[in-house]
Protein chains: 2
Amino acid sequence: MELSDRKMKILSEVVNNYIQYAEPISSKMLCSLLNFSVSSATIRNELAELTDLGLLEQPHTSAGRIPSHLGYRLYINKLMGKYYLTKKNKEHINSILNLDEIDPEILLKNATSLLADMTKFAVISTGVCTQEDYVKNIKLVQVGKCTAMIILTTSSGLVKNKLFRCEFLLTDNILDRFNNILVEKFVGLSLKEITQAYIQSTAASLEELAFFMTDVLDALLEISELASRTDLHFDGQINLLSLPEYDQQSAIKLMNLFNYSDDIVDLFLMNDDNKTHVFIGEEMHHEELDQSSIIITRYVVDKANYGIIGVVGPTRMNYTKLIAKLEYIAYLVGNKLNNILEG
Amino acid sequence: MELSDRKMKILSEVVNNYIQYAEPISSKMLCSLLNFSVSSATIRNELAELTDLGLLEQPHTSAGRIPSHLGYRLYINKLMGKYYLTKKNKEHINSILNLDEIDPEILLKNATSLLADMTKFAVISTGVCTQEDYVKNIKLVQVGKCTAMIILTTSSGLVKNKLFRCEFLLTDNILDRFNNILVEKFVGLSLKEITQAYIQSTAASLEELAFFMTDVLDALLEISELASRTDLHFDGQINLLSLPEYDQQSAIKLMNLFNYSDDIVDLFLMNDDNKTHVFIGEEMHHEELDQSSIIITRYVVDKANYGIIGVVGPTRMNYTKLIAKLEYIAYLVGNKLNNILEG
DNA sequence: ATTAGCACTCATGCTTATCGAGTGCTAATG
DNA sequence: CATTAGCACTCGATAAGCATGAGTGCTAAT
């Protein structure tokens, strides 16, 4: 079913207006905004039809119209234009992200917080996801009499570290020996392969050394689990509190959704290509998100490595602007991470 | 001025009741709760006098009484009993904090989040504060072709690390040389001494090597600044949202106070001995905190090292219970950190 | 297809009335 | 003199009534 050009323009205006003012719009108002040479009664007829089609809604009989989620969907798929960031905007983003930070985790944290600041909404991002991350290197460094740090680097550029303690005095010599063993036994393995069971069988093969290496091996297990769990970054949740669409109740529900984050991760994984996706309220089938939309996109590091970054806000959000900002930041992050990985 | 025993008991009951139910209490109700053999009219007379003394307040003429901040103050200083944690409570805390985590930062994060979970309020803690933290050791570890990690350990047990990148290919040899220089020039210095200027003058003394070491030195500067800045841990802010005393407005204000945290830090430093302190609403002279109280205590690592941990909640909080929980956790954290530092 | 005109709806804001919990005060009591 | 019964009074909370006006839907005319 095709809508007339005029209906399109009306729908578009309703959405734009609602995004800007958060109030239902009347036929009269639309009439003066649209400059068609028709009267408000004609607009009213059009509005009635758009409402019948399920694209618009009325909060109550004598109120103006607001977009339904179907209305938003049509708007997003067909009607909205593309927004181009101003030079100033881009420079602002560049100036904050182009620091020579080379830790992927910190870079992502920065990007997430920057986007939250810019959008005044909540932002979520994942660390780099990779099909098959494997151990690139392991280093042990002594930091105290009985304590040392284990540093794990992976093929996706991740560098994770963790402190651990042994029951005996450490020396460079001992640590070197341990380190060599770890390198020999674990470098090249996929992170997934490093399980409790695998560690145990490795320990067994070490014979009398196994006893001394339990702490190191435990630490390795923990850190590789840490490395294979994609980490999540949240920011700007508090921004949502000041928005008219969230009362205390729903804000709390939303926060909890973020905190017990499995559900959110699932939502995020709905993004399965390199395009930007918009999910609107009820489409997500999560009561807590009925009033909200999520825009997600991927930052692409290289063929095998990407991550996801997205904005969560009220359905009434400025999609064009947000998409532009999100995509630009995702683009920069992807580039930056690619540099880090290559370098 | 001394209050009669009966007045004390009445005040105490008003506070207890308000803490539990968040509602003004009437003379009649008090009468039945207290089991004095007097009538509600007598209680009313007592209440009137307590109100005249500024210890109680009436939300409006025909309402019951609630404690004023002076009332709370008296209650806290003189009236409230001591609460002893149940075995179950203690075991729960132990089981979460007695993991063999040896990174002070992570330990503190865990403690903060545990306390937030237990109290359902917001919790803030500082890292270890120390009069004069000095550099105990520096290590450089290669993690990529041109990237390395610098690890700084300090006298207070802090272990901080940071990735940095050089403009040239790294080798074990080069890093060893760099490392030796760093150790020679910086180990034993107070963190405060490592300033931009100091780094520059050190670089100057290195002559032709200086050029190659700029990146390392920059990283060192950054990381030592990071280490000397006491870090702050927040948790449970969202808990405050569900409390009746905070509407959206005041919750946001409170969150912002936490986020731009200088003010909060000042408040925290009001704690200048090893006792537990309670600050009540208006006493803090921060509009945002008028409805809130803060309980702070120190965790003591050893003579020179301590940190602060505190709970922020509505003035109407269960002080005895909270103090018990807070102090127990602070005690464990202090102990644990002491072990880590010694070991 | 468009439109003027008009009856109809409903959220909003204001005023008024009622209710009842809880107080403060007075006068009586042991 | 502390205590108390009794009672008038206050004031928030809740509901009900009413006017207002923005905005619609429908009809009949163009």
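Source: prediction; values computed, not measured. Here is the naming used below: chain letters follow the sequence lines, and residue numbers restart at 1 for every chain.
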Which heavy-atom pair separates B/Q58 from B/G64 by the least distance, and what is that distance?
CG-O, 3.7 Å
Provide, to the nearest angstrom, the distance between the [atom1] atom belonging to [X] and the [atom2] atom belonging to [N].
X     : N      : atom1 : atom2 : value
B/I43 : C/dA21 : CD1   : C1'   : 17 Å
A/F36 : C/dT3  : CZ    : P     : 12 Å
B/E23 : D/dA13 : CD    : P     : 11 Å
A/R44 : C/dT2  : CZ    : C1'   : 12 Å
A/E46 : C/dT3  : CD    : P     : 11 Å
B/D52 : C/dG24 : CG    : P     : 9 Å
B/K28 : D/dC7  : NZ    : P     : 16 Å
B/E49 : D/dT3  : CD    : P     : 10 Å

Should D/dT30 form a Watson-Crick or G-U wobble pair with both distances under 3.5 Å, which nucleotide is its partner?
C/dA1
Identity of whatever pairs with C/dA28 - Watson-Crick or G-U, under 3.5 angstrom:
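Partner of C/dA28: D/dT3.
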Do any N or O atoms from the side chain of A/T112 and from the backbone of A/S125 form a donor-acceptor pair under 3.5 angstrom?
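No; judged by distance alone, with no hydrogens or angles, the pair does not exist.
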Mark yes or no for whether B/Q20, through its side chain, and B/N17, through its backbone, hold a donor-acceptor pair below 3.5 Å.
no
Is any side-chain N or O of A/S62 under 3.5 Å from a base N or O of C/dT9, one able to act as donor and the other as acceptor?
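Such a pair is found, so the answer is yes.
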Under a 4.0 Å threshold between the charged nitrogen and the carboxylate oxygen, would A/E57 count as salt-bridged to A/R65?
no
Closest-nucleotide 5' rank along DNA chain D - winner of A/N45 and A/S26:
A/S26
Indicate whether any N or O donor in one side chain lies under 3.5 Å from an N or O acceptor in the other, for B/N318 and B/Y83.
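Absent: no donor and acceptor within the cut-off.
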Phosphate oxygens OP1/OP2 of [N]: is one of them under 4.0 Å from a side-chain N or O of [X]?
X     : N      : value
B/R65 : C/dA21 : no
A/Q58 : D/dG25 : yes
A/R6  : C/dT2  : yes

Sugar-phosphate, base or nothing in reach of [X], heavy atoms under 4.0 Å:
X     : value
A/T61 : sugar-phosphate
A/T51 : nothing
A/S27 : sugar-phosphate

Contact nearer the 5' end of DNA chain C, comparing B/G64 with A/H60
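The residue closer to the strand's 5' end, by nearest nucleotide, is A/H60.
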